Student: 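Can you keep this structure in mind? I'll have questions shortly.
In this text, all values refer to a predicted model and were calculated from it rather than measured experimentally. Letters A, B, ... mirror the listed sequences (proteins, then strands); counts begin at 1.
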2 protein chains.
Amino acid sequence: MLRISKLTDYGIVLLVRFAQEASGTTLTAREMSEATELPLPVVSKMLKSLASADLLASQRGSRGGYQLARQPEAVSVAEIIEALEGPIALMECVAAEGLCDQESHCGLRAPWQRINSAIQTTLTRVSLAELAADTPPRHQTTLAIA
Amino acid sequence: MLRISKLTDYGIVLLVRFAQEASGTTLTAREMSEATELPLPVVSKMLKSLASADLLASQRGSRGGYQLARQPEAVSVAEIIEALEGPIALMECVAAEGLCDQESHCGLRAPWQRINSAIQTTLTRVSLAELAADTPPRHQTTLAIA
DNA sequence: ATTTACAGGACTGAATTGGTCCGATATGTT
DNA sequence: AACATATCGGACCAATTCAGTCCTGTAAAT
C-alpha cells in the first residue's frame with residue numbers, strides 16, 4: 001500500500017495544528033489531544049518523539065508544553081517522516097549499501113535509487129506551512145448526528 | 001520508512017527478469033527461482049499473484065510456465081505496485097473517502113491527495129522496460145568468498 | 001498413465017504497529 | 001516546603017501485517 005504509519009500521520013496532524021497557531025504558541029499534550037480528538041497517550045507519545053527529533057521545543061513543569069522549534073515554512077514533510085520513521089527508502093537496499101544480500105546479483109539498486117530520490121524530492125518540496133495553509137480553518141462546521 | 005513490501009520487491013525483480021528475455025519467452029517457476037536465487041515457494045507465490053493481476057500470462061501443464069502479458073514498455077512500476085499491494089496511498093484517507101473517522105475535523109485530506117498523486121505520477125512514468133535496461137547484464141562478475 | 005506445472009488456498013512464525021501505562025524529573029504556585 | 005502540572009524515557013501488550021511454507025486440485029503434454 002506504500003503508506004506511512006498511522007503514528008506518523010498523527011505526528012503530522014499535531015504539527016499542522018501547531019503551525020496554525022500564532023508563532024511561538026505553547027500547547028500542552030492535553031490541549032492537543034482535545035484539539036485533535038486523539039487519545040491523550042498517543043498524543044503524548046508523539047509529541048515526545050517530535051520533541052526529541054527537534055521539531056518541537058518542549059518546556060517542562062507547570063506552564064509547560066510544546067511549541068514549534070522552527071517556522072513552519074522551514075520544515076518539510078520529508079523531514080517529519082524521516083524523523084518519525086527513519087530514512088525514506090522504498091526498500092532496504094536504497095537506505096544503505098550492503099543491507100540486501102541479493103545486492104550482488106540483483107542490479108535494481110541504481111534505478112530504485114533514482115525513483116526513490118524523486119519521491120524524496122517531492123516530499124521535501126512540501127512544507128508544514130503549505131500543509132497548514134491548505135487545511136480549512138478549525139471551527140466546527142457540522143456536528144456528528146446522533 | 002515508507003517502503004514497499006519485500007514480496008512486492010520480489011515480484012518486480014521477477015518481472016524485470018522476464019523483461020530481459022526475448023519477447024514472448026516462457027519460463028517456469030523453477031527456472032525463475034534459480035535465476036533470481038529466491039526460494040521456489042516464494043517465487044511460485046509471486047508468479048501466481050502476477051498472473052492473476054494479468055501482468056504475466058500463464059500456461060499450465062508440462063511445457064507450461066509464465067511469460068510477460070504485455071511489452072515491458074507498457075507496464076509501469078505504479079501498476080505493478082498497485083497489482084501487488086493495492087492502491088498507492090500514503091494513508092487511508094487518500095485511498096477512498098470515509099475510511100478515516102477523523103475526516104470531518106482533520107482537513108489534511110486535500111493536501112495529502114496532491115502529494116500522493118505526485119508520487120503516483122512518478123511511479124507511473126517509470127516503465128518495466130526502463131528498470132530492465134538500467135539493470136546490468138546478468139553474468140556473474142564476482143563470487144562470494146568463503 | 002505419468003509427469004510437469006500452474007491455481008488457489010490455508011496456515012504459521014516473526015516482526016511491526018498501534019496504543020497504554022508508569023515512575024522519574026522539572027517547574028511554577030501557594 | 002509542599003503541591004500541582006507537565007514533560008521524559010521507558011517498558012509493555014494486543015493486534016495486525018508480513019514473509020514464507022505447504023498442500024490439494026487441475027490442466028496439458030508425452
Student: Atom CE of M32(A) and atom OG of S44(A): how far apart are they, to the nearest 0.5 Å?
Tutor: 12.0 Å

Student: Could I get a table of every N or O pair under 3.5 Å where one atom is in the protein and the other is in nucleotides 23-25 of chain C?
Tutor:
from	atom 1	to	atom 2	distance (Å)
dT25(C)	O2	R60(A)	NH1	3.3

Student: More than 12 heavy atoms of other residues, nucleotides or ligands under 6.0 Å from CZ of R125(B): yes or no?
Tutor: no

Student: When rounded to the nearest 0.5 angstrom, what is the spacing between CD in E37(A) and NE2 in H105(B)?
Tutor: 3.5 Å

Student: Quick check on DNA chain C: between S62(A) and A29(B), whose nearest nucleotide comes earlier from the 5' end?
Tutor: A29(B)

Student: Drop me the distance from E130(A)'s CD to S76(A)'s OG, to the nearest 0.5 angstrom.
Tutor: 10.0 Å

Student: Whole-Å distance between dC8(D) P and M46(A) CE?
Tutor: 14 Å

Student: Within a strict 4.5 Å, meaning less than it, do heavy atoms of the Q120(A) and E82(A) side chains meet?
Tutor: yes

Student: Under the salt bridge (Lys or Arg N to Asp or Glu O under 4.0 Å) rule, what pairs show up with a residue in residues 41-61 of chain A, not counting sequence neighbours?
Tutor: none

Student: Kindly indicate whether the side chain of L55(A), heavy atoms from C-beta on, has any atom under 4.5 Å from the side chain of L84(A).
Tutor: no

Student: Might you point out which heavy atoms bring L90(A) and N116(A) nearest each other, and give the distance in Å?
Tutor: N-OD1, 3.0 Å

Student: At less than 4.0 Å, is any side-chain N or O atom of S58(B) found next to OP1 or OP2 of dA7(C)? Yes or no.
Tutor: yes

Student: Closest nucleotide of DNA chain D for K48(A) versus for R30(A): which of these residues is on the 5' side?
Tutor: R30(A)

Student: Please report, rounded to the nearest Å, how far the P atom of dC18(D) is from the CD atom of E85(B).
Tutor: 8 Å

Student: Has R63(A) got more than 12 heavy atoms of other residues, nucleotides or ligands less than 6.0 Å from its CZ?
Tutor: no

Student: Let me know the distance between CG of D54(A) and C1' of dT7(D), rounded to the nearest Å.
Tutor: 15 Å

Student: What integer distance in Å separates L50(A):CG from dG9(D):P?
Tutor: 14 Å

Student: What's the CG-C1' distance between L14(B) and dC6(C), to the nearest Å?
Tutor: 15 Å

Student: Starting from C1' on dC8(D), measure out to CG on L56(A) and report it in whole angstrom.
Tutor: 14 Å

Student: Protein within reach of the bases, or only the backbone? For nucleotides 12-19 of chain C, mark each nucleotide 5' to 3' as B, S or -, using heavy atoms under 4.0 Å.
Tutor: ------BB

Student: Return the value, rounded to whole Å, for the distance between atom OH of Y66(A) and atom P of dT5(D).
Tutor: 17 Å

Student: Nearest-Å distance, CG (L40(A)) to P (dT5(D))?
Tutor: 14 Å

